[in-house]
Each structure stands twice: as structure tokens, then as C-alpha cells.
Amino acid sequence: MDNELKPMDAEQLREHAHKMVDFIADYYKTIEDFPVLSQVQPGYLRNLLPESAPRNPESLQSVLDDVQKKIFPGVTHWQSPSYFAYYPSNSSIAGFLGEMLSAAFNVIGFSWITSPAATELEMIVLDWLAKLLQLPDDFLSSGKGGGVIQGTASEAVLVVLLAARDRALRRFGKDSLKKLVVYASDQTHSALQKACQIGGIHPENCRLLKADFSTNYALSPDVLSEELSHDTASGLIPFFLCATVGTTSSTAVDPLPELGNIAKSYEMWFHIDAAYAGSACICPEYRQYINGVEEANSFNMNLHKWFLTNFDCSTLWVKDRHALIQSLSTNPEFLKNKASQTEMVVDYKDWQIPLGRRFRSLKVWMVLRLYGIENLQKYIRNHIKLAEHFEALVCKDPRFEIVTPRIFALVCFRLLPRKNEDGGNKLNQNLLDAVNASGNMFISHTVLSGKYILRFAVGAPLTEENHINAAWKLLQAEASALLAN
């Protein structure tokens, strides 16, 4: 029993953690050996594991053996250099180290007193990021606003929607809920719809306005203005506008300055979702895409997508932190303390849905310090350069077409249908299925204007030009096979 694993013992931690780090390092050395997209069938794992937990302890080695034999086959390898689906979710050495330190402290930093460093470091690194993005001073913690780390962009849009809803109800009366209307394009992430459901906004009052090829799938200010005129004439109350910088389907960028002016004239809460593309805006040449942010009430980006920060880490800035606190604060007796009652500190429990929160700012701090701004900019520019390379390859093959202009590191393309073929949707779905079934790469799709589109998102930490070339050769080969049949 001397070797039995204790809940916490420094020397046992050292021994086992070394083994785990070696295991993870070996995984990354061999990550290209695995099918990028898991090829297992639903329910595969139940047949491989016992029906109940073990009564007696097992060794770490036996657990790691099972990870290799039973868990690995069911893993889709998001960090594979041939992962081009959805959007990236970056891991990094600095991110790992920050997570390890956060796990070591294991603080539950809901209020300042529970761990002052957890709160104050979060305020500092989000101010660093706000300055890096050239956000207005209103978003800094030194003023009325500030930044907070949420789990995901879904949580970020929910908390600001609740703040905007409550602000409107205070203004128009609590019985006006059924009249409140939300606006966004139909390319906006579905998280907005979920936020409306949770926030009690009537489904018919969630206006997802059609965006099409004429605006490169960005929200048209004219379409928005027309809808607002109609709604206000009908006695409805516009209260929330969500714009996107880098939509999920095609990285469309909504015209922020025009939309901000419209929101201001109707006294709506203006939220900007830059979950994916916000990271690119640390590069001076891409900062233009968030011009107009000065009119926003809130701004969000996901560091866990493209900023070498392990999931989860979604940064949210607001101009008026009291709007969040009024909606989300609770103050039971057991949480009261002198520091909070002096109102000289931030209690982040009042800026989010859950009470508990992890020390996530540690990994952001470590990413910023261990890589530095110049290396982070180079990292993002390299992915955009690789996406440009893939785009050029597609353009050289007349069997394919680029569907929307590439702005960041996502290329939307499709295989052109043969004559007399119905739109080519089935053809492109078959092409996607074929390349993903090979295990050599993983891409995802969207539908734009009724067309089935293939999405090639470059952003995995290990991706190099040879992986782009190999992916394109596979796409060409599978396209040739499909067209021949």
C-alpha cells in the first residue's frame, strides 16, 4: 500500500506528472500518425470499458495504456496539422503551463478575497489585450468598464444580452419584455438565438436579417434600418444589435461604423462578436476590421481559437460594468466580506452566469509573456499566408471555385458541378465525406445561398505548407474520382 496514490503528495505528483508530460509530448510527436477525424462508430467505447468503476486502485501506466488503445481511436485531433475544420482551437506550450499552474492552485476565484491575484491578474491582462487591440479607453478597468474572461462566446453574448434586457426593462417597464427585439444577420452564430431563449426574448422578436452575396454575407445597414422602421412603427422596442467580425460560415465582417451609428440612434445595446477574427486584429494591417468598436457597448473574442491559449478562454469587454453587475449580482450572507463591501474591488462572480471560476488569466499572462506580441503577430500572419497559398491552388484548378472573398485564414470553395447536375450540392457533400473518411485531413462545410460550401480553415499550431499541399492533392484526387463516376 506504500505506492498507493495519495490525494496530494509532492513527490508522487512529481513522479506521475513527469510520466504524464512524457506521454503528452510523445502524443504531439506522433499526432500525424492518427486519423484527423475519429473513424469510430457511436457507442464504440461502452464495449471496451468495464460496466463499473474499479474497487481498488490501478496504476497510472495501466490507465495510459487504455488511453492509447481505447481513447485515442475516439479522439478527433484538433491540434493535428491537417485539421482544417470549423475554426482552430489552439494549444501551446505556454497555454499548457498556464493550465498546469491554474490546476495546481485550484482556486475558485468568484470574489476578490477568494484569491486577490486571480482577480487582479485578470484585470491587468485584459487591459493589456484591450490596448493591443486599440479598444477605446472606456473598455479599460481604470474607467467605468473593464474586461472579464468567460468560458465561451456563447456565455459572453448571453451575459450582455441579459444586461441589455434589464436596462431596457428598467427604462420601459417590466411588462415590456414581449416588445423587446434583437437584431443580427442570419450569419450570426447560433449562440445569439440560444441567449434569446434563455433571456426570455420571444422567438418571433429575434430578427436574423438575410445577408447575401451582394454584401459578401455581411449585414446590410439598409436592411437593418428598414426592419427597425417597421418594428418601431408597430410599437416594438429595439434593444440589442449584434454585429460579427468574422462570421462562422465565411468570415464575413459586418460594417461596424454604420451599424454602430444606427444602434446609437435607436439607443440599442451594440455588441460585437469577434470570437474568431479578433485575434487577427492584433496585427496593425487587420485592425481596420474592428473600426467602429468605439460605438460598441461590448466586445468579445475567443483567445482559445487563434491566440495559442488552451480552451476555454473567451474575453469580453464592456463599457459599463455596472450594467452587468445589476443583472447578474447576488449577495448572500455567506459571501459578504469587508473588501467587497467597500466596493474597492472587483468580484467577477457578478460578471458571469456561474459563481465559481478558474484562474484562467494565468495562461493568458504566460502566453503573452512567453511568446510576446511580435511572435503572436507572426503566428497569425503565417496562417493567413498559408490560407492564401491554398486559395491560389484552388484558383489554378478550373474544376473548383472560390465562393466568397478570403479575408483571414478561411477559404470557402466548392467543386463545380458537371453539366445537367443539380447544383452540385451532393457532389460537394460526397467530396467532403471522401476526404474526411481518408483520415488524412478534416474539413467542414456550410451552406450559403442554398449552395453546399467546403470550408478550409487554417490555424492549427503545427500546420506548415507541406500539410496544405498534401490536403489539396487529396482534394484533387477525390474530386477526380467523383467526377469520373
Side-chain angles (χ1 to χ4, degrees), residues 86-87 152-154 156-158 160-161 164-165 180-199 201-232 234 236-260 262-263 266 268-278 289-290 292 296 298 300 302 402-408 410-414 423 425 428-429 444-455 457:
Y86 309 114
Y87 279 131
T152 65
S154 301
V157 73
L158 173 58
V160 296
L161 182 110
R165 178 201 66 184
L180 300 184
V181 187
V182 171
Y183 301 84
S185 88
D186 62 356
Q187 299 301 302
T188 303
H189 196 281
S190 58
L192 177 63
Q193 287 178 275
K194 183 176 281 191
C196 288
Q197 290 170 220
I198 297 170
I201 305 303
H202 289 214
E204 62 271 21
N205 287 354
C206 187
R207 302 272 187 273
L208 300 180
L209 306 175
K210 188 172 178 58
D212 58 29
F213 187 77
S214 67
T215 59
N216 291 328
Y217 298 96
L219 176 58
S220 163
D222 292 338
V223 170
L224 174 63
S225 294
E226 186 178 339
E227 194 73 18
L228 284 163
S229 296
H230 178 268
D231 284 345
T232 51
S234 302
L236 296 173
I237 303 171
F239 86 102
F240 190 87
L241 171 62
C242 181
T244 306
V245 177
T247 57
T248 303
S249 281
S250 65
T251 63
V253 176
D254 289 337
L256 304 186
E258 294 91 337
L259 298 180
I262 293 170
Y266 282 89
M268 290 190 288
W269 185 292
F270 183 34
H271 176 65
I272 296 173
D273 173 6
Y276 162 68
Y289 292 109
I290 58 171
S298 51
N300 167 241
N302 285 351
I402 300 292
V403 179
T404 61
R406 182 202 50 75
I407 303 175
F408 303 106
L410 172 71
V411 180
C412 293
F413 69 108
R414 67 195 291 262
N425 285 359
N428 280 278
Q429 185 174 353
S444 55
H445 80 283
T446 190
V447 174
L448 295 170
S449 300
K451 292 181 179 180
Y452 192 97
I453 309 298
L454 305 180
R455 297 172 70 265

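Quick note: numbers below take in every heavy atom, side chains included, and nothing from hydrogens, waters or symmetry partners. In this chain, numbering begins with 1 at the start of the sequence shown.
Open room surrounds NE2 on His230; 12 or fewer heavy atoms of other groups in view lie less than 6.0 Å from it. For Tyr266, the OH atom sits in a packed shell: over 12 heavy atoms of surrounding residues, nucleotides or ligands are nearer than 6.0 Å. Surrounding CD of Gln429 are more than 12 heavy atoms belonging to other residues, nucleotides or ligands, all under 6.0 Å away.
Checked against salt bridge (Lys or Arg N to Asp or Glu O under 4.0 Å), Arg455 has no partners two or more places apart in sequence or in another chain. Under the rule for a side chain to side chain contact (heavy atoms under 4.5 Å, CB included), the partners of Ser449 that lie at least two apart in sequence or sit in another chain are Tyr217. For Arg207, the salt bridge (Lys or Arg N to Asp or Glu O under 4.0 Å) partners two or more places apart in sequence, or in a different chain, are Glu227, Asp231.
In this structure, Ser220 contributes its side chain and Asp222 its backbone to a donor-acceptor pair below 3.5 Å. A donor-acceptor pair is defined here as one N or O able to donate and one able to accept, closer than 3.5 Å; no such pair exists between the side chain of Arg414 and the backbone of Ile402. A donor-acceptor pair under 3.5 Å is formed between the side chain of Ser444 and the backbone N or O of Tyr86. In terms of modelled atom types and a separation under 3.5 Å, the side chain of Thr244 and the main chain of Thr247 share no donor-acceptor contact. Within the 3.5 Å criterion, the main-chain N or O of Ile453 finds no donor-acceptor partner in the side chain of Asn428. Distance alone, capped at 3.5 Å, places no donor-acceptor pair between the Asn302 side chain and the Tyr276 backbone.
Using a 30° and 60° split on the angle between ring planes, His445 and Tyr452 fall in the parallel class, below 30°.
Heavy atoms only, all atoms of each residue included: Tyr289 and Leu256 are closest at O-CD1, 3.7 Å. Smallest separation of non-hydrogen atoms from His271 and Ser298: ND1-OG, 2.7 Å.
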Ser250 and Thr404: side-chain hydrogen bond (donor to acceptor under 3.5 Å, both in side chains), yes or no, with the steps? CA-CA 7 Å; Ser250 65; Thr404 61; 4.7 Å; no
